[in-house]
Amino acid sequence: MSSPRVLDLRGTTLEPSDLEPVAAHVRREGIIAYPTETVYGFGGLCSPEAVALVRSLKRRAEDRPLLVLVRSGEDASGLHWTEGARELASVFWPGSVTLVLRDPDGIFPDGVRSREGTVAVRVSPHPFVSRLLDLLGTPLTSTSANAPGEVPALTGREALDAALSLGAGNEMLVVDGGSLARSGPSTIVDCSGATPVVVREGTVPVSRLRCAVPEIHGR
């Protein structure tokens, strides 16, 4: 099996011409390792084929869906938005807050859509992510770039090593966007019910969330 290819975008201005090879790979149902505002992630299109590739690579348990990166709330307009979710998105997007929303019409495929019928979405402030999404015009899946139990990658080299250790081949394109500052994960808030509930407290603390939605439940 061939190894993953590496595209070095360090020092580039991330113009469409820089990103087109990445977009072309993704459009062909390939998967990528790429930088986000927290860590490097693995992802691809929100299609059954690409979702299956990412989940197989990460050996993802069936009860752990992939999250989705979108350009704005408009890309997730078919999901059910509560007042709390809208308020959190207006304050913290783009940023490291992931919102879990109901997907009553099954817009997203299994593996992204949970057994409970929800989807986790976020708008990333990282320039690579936002510009790639603009070029693609469609959401991108995301899960941390690491083998199960290992530390998530913070550099393109670490992302490549993680992909190789998991057995990735030429279905994977590693985008080297340079080194990321060490950061916690995104904060995950379940907005599928009447009152938002913090599922995981990450880089954005519950105290800050309560400035926007005072009734939010912490854990």
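Atom set for the values below is all heavy atoms of this structure, side chains included, hydrogens, waters and symmetry mates excluded.
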Is the closest side-chain heavy-atom distance between [X] and [Y] below 4.5 Å?
| X | Y | answer |
| --- | --- | --- |
| P205 | R208 | yes |
| D134 | R71 | yes |
| P4 | L160 | yes |
| V54 | L66 | yes |
| L166 | R59 | yes |

If Ile, Leu, Val, Met, Phe, Trp and Tyr residues are connected whenever their side-chain heavy atoms lie under 4.5 Å apart, and connections chain through other members, are V206 and F92 in the same group?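 V206 clusters together with F92.
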Check the hydrophobic clustering (I, L, V, M, F, W, Y; side-chain heavy atoms under 4.5 Å; chains of links allowed) and say if L57 and Y40 are grouped together. no
Determine, step by step, whether S3 and L164 satisfy the side chain to side chain contact (heavy atoms under 4.5 Å, CB included) criterion, reporting the C-alpha distance in whole Å, the side-chain angles of both residues, the deciding distance to 0.1 Å, and the verdict. CA-CA 7 Å; S3 298; L164 288 170; 4.2 Å; yes
Taking NZ, NE, NH1 and NH2 as the nitrogens, is one of them in [X] or [Y] under 4.0 Å from a carboxylate oxygen of the other?
| X | Y | answer |
| --- | --- | --- |
| E62 | R115 | yes |
| R122 | E37 | yes |
| R5 | E171 | no |

With a cut-off of 6.0 Å (strictly less than), are more than 12 heavy atoms of other residues, nucleotides or ligands near CZ of R64?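 At most 12 heavy atoms, drawn from other residues, nucleotides or ligands, come within 6.0 Å of this atom.
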Determine all donor-acceptor pairs shorter than 3.5 Å in which one atom belongs to a side chain in residues 105-113; sequence neighbours excluded.
from, atom 1, to, atom 2, distance (Å)
R113, NE, D103, O, 3.0
R113, NE, D103, OD2, 3.3
R113, NH2, D103, O, 2.8

Looking only at the side chains, is there a donor atom on one of S183 and T203 sitting less than 3.5 Å from an acceptor on the other? no
Determine, stepwise, if the pair R27 / E20 fulfils salt bridge (charged side-chain N to carboxylate O under 4.0 Å, His left out). CA-CA 10 Å; R27 292 187 191 109; E20 185 52 48; 2.8 Å; yes
Check: S124 side chain, T36 main-chain N or O, donor-acceptor pair, under 3.5 Å: no
Identify the two heavy atoms, one from S2 and one from N170, that lie closest to each other, and give their separation to 0.1 Å. OG-ND2, 3.2 Å
Minimum heavy-atom separation for A162 to F42, with atom names?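 So the two residues come closest at CB-CZ, 4.1 Å.
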Members besides L45 in its Ile/Leu/Val/Met/Phe/Trp/Tyr cluster (side-chain heavy atoms under 4.5 Å): L7, L9, L14, L19, V22, V26, I32, Y34, L67, L69, F128, V129, L132, L133, L135, L136, L140, L173, V175
From CA spacing to verdict: side chain to side chain contact (heavy atoms under 4.5 Å, CB included), V213, L88: CA-CA 7 Å; V213 182; L88 290 168; 3.8 Å; yes
